[in-house]
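The structure appears right after this line, and notes come after that.
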2 protein chains.
Amino acid sequence: MDPAAPLKKFFATIDRDVIPHLSLDCVVFGFDGEALEVLLLRWRNLDRWSLPGGFVRWDESLDAAAQRVLRERTSLTQNLEQFHAFGALDRGGSEVRPAFAAMGVEVPEGHWLAGRIVSIGYLALVRFAEVRLNLGNVVEECRWWDVRARPPMTLDHDAIITRALDTLRIRARSFQLGGALMPEKFTMPELQRLYEAVLGHALDRRNFRKKVLELGIVEQLPEFRTGQRHRAANLYRARPED
Amino acid sequence: MDPAAPLKKFFATIDRDVIPHLSLDCVVFGFDGEALEVLLLRWRNLDRWSLPGGFVRWDESLDAAAQRVLRERTSLTQNLEQFHAFGALDRGGSEVRPAFAAMGVEVPEGHWLAGRIVSIGYLALVRFAEVRLNLGNVVEECRWWDVRARPPMTLDHDAIITRALDTLRIRARSFQLGGALMPEKFTMPELQRLYEAVLGHALDRRNFRKKVLELGIVEQLPEFRTGQRHRAANLYRARPED
DNA sequence: CGCTGGTTGCGTACTACATACACAACTAGC
DNA sequence: GCTAGTTGTGTATGTAGTACGCAACCAGCG
């Protein structure tokens, strides 16, 4: 079967299904216990990487479209946060048409996909372990990348990630990451490593604990993490949002 | 001459000139010394008010389009800040076509102007006195409104203003309004009234002065405001941005 | 010209929060 | 039982935010 068939089918109905000249890109952050990671994918026959993105259907809001894109790629059902609209003059244009061509679909010269595209940036904090990656048919690779060592990216996706990181760091400074990025049960030092990975610098153990507890963003469990050849750490879980 | 002629001319070339299904709305804030005001306009034959807005031309970025809209309406040349993209399902649609009809332009049923429109919200802080209002041909009224007493608005423009106000209040809490909203020379109590109008509550005179001075957002002038039947207040000006 | 009302400019005490650091408790391995 | 390594808890210090008192000053009036 023609590997480009699904893409061709998508392209055949694109003018009927989605808002033209508009796209959205999701910056999906996860945490593997060591570093902050971002979910990137590589389209067939392309060597640059891209953010998971998509278009907005006529029968769904921007927010709903972002949720759908996230769900299609990760099987997750959760809210995303819109953080910026990217509308520079050179967005799209020269780079999109060759990309589609590499995947086996010829975009006519006059088509909007060959022209300028405005993109809305969305941000998601997800539980690493709960993600079930779904490549689909035209994605060759999809994996997590350490945010500090990202591969070459298409279009302005690198700038989009940088902007999302800025937004994230502002939230981290006021301890507003919550436990969205953590596994269900975690220790205090593990949560601290997340904040340190986002902020990019070390924090004081004792002050961090004090702050997190007084803000009530975690709930103490009557369990401990053993087998670490040192004192067992208490386990916590993210407190359900009010 | 047909009063709808300019609008008809605009409509005739709209498909060639601008990105379809996309618009932008500018929330322009000014300060009259008493209350925080927002610039609104009323299109011909409509009874609801609207934000100054427009569409994005193919040869300009989102930011540049926002600057153009602001310049066309106020003759001001300055930056705006993008704060949110509004893309609910019911944006546009039923309300836009009757509005154009009231102004004398029949939008065909299938045209994108009769359908859903995503809008990018921009925010501007301008000097009240420097604004030179320009109505154009299809705007019947254009004036400042106290943000606390706004008229009935079209579409979701009321929610857009609310969101812009939230953004503004966040900035005010960390004294980041600067002097953009003040006249060239102003006293400390006058600046304080601006912050109070934005925040919606009173501030302490002495702490306000201390904070503003230590942040260095104003420059003291060797002049005083006299004729107030009480002690003359020192004049300041906004310090040029670094 | 002195007195008065009202406001501005300046300083000080108090409180809350963030930061810096010390020590005991505990687990696994030998 | 001893040790290495880390976690849990407490306390001291510094810095920023808040509350408030008082003198300086301008215009108007008797």
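B:Tyr122 places no side-chain N or O within 3.5 Å of a backbone atom of B:Ala65 that could act as its donor or acceptor partner.
Counting non-hydrogen atoms under 4.0 angstrom, A:Lys210 reaches a base of the nucleic acid. Nucleic acid contact for A:Thr226: sugar-phosphate only, since backbone atoms but no base atoms lie under 4.0 Å from a heavy atom of the residue.
Between B:Asp204 atom CG and D:dA16 atom P there is a gap of 18 Å when expressed in whole angstrom units. Atom CD of A:Gln228 is separated from atom C1' of C:dC26 by 13 Å (rounded to the nearest Å). Separating the CG atom of A:Leu235 from the P atom of C:dT27 is a distance of 13 Å, rounded to the nearest angstrom. With rounding to whole Å, A:Arg206 atom CZ is found 15 Å from D:dA12 atom P. Taking atom CG on B:Leu213 and atom C1' on C:dT8, their separation rounds to 13 Å, with Å as the unit. For the pair B:Arg173 CZ and D:dG17 P, the interatomic distance rounds to 14 Å; values are reported in whole Å. One interatomic measurement links the two molecules: CG of A:Leu215 to P of C:dC17, which rounds to 10 Å at whole-angstrom precision. We find that CZ of B:Arg205 is positioned 13 Å from P of D:dC20, with the value rounded to whole Å.
Proximity note for A:Arg231 (side chain, C-beta onward) versus D:dG5, D:dC26, C:dC21: the nearest is D:dG5. Picking from C:dG11, C:dT8, C:dC21 the nucleotide with the shortest atom distance to the side chain of B:Pro189 gives C:dT8. When each of D:dT7, D:dA27, D:dC20 is scored by its nearest atom to the side-chain atoms of B:Arg229, the top-ranked nucleotide is D:dA27. The side chain of B:Glu214 sits closest to D:dG17 out of D:dG17, D:dT9, D:dC22.
Aromatic ring pairs are classed by plane angle as parallel below 30°, tilted from 30° to 60° and perpendicular above 60°; the pair B:Trp145 and B:Trp49 is perpendicular.
The nearest pair of heavy atoms linking A:Arg68 to A:Phe55 is NH2-O, 2.7 Å.
For the side-chain contact (heavy atoms from CB on, under 4.5 Å) test with A:Gln192, the passing option among A:Asp204, A:Val212, A:Leu203 is A:Leu203; the others fail.
Nearer the 5' end of DNA chain D, as judged by each residue's closest nucleotide, is the contact made by A:His230, out of A:His230 and A:Asn207.
No more than 12 heavy atoms of other residues, nucleotides or ligands shown are found within 6.0 angstrom of CZ on B:Arg163.
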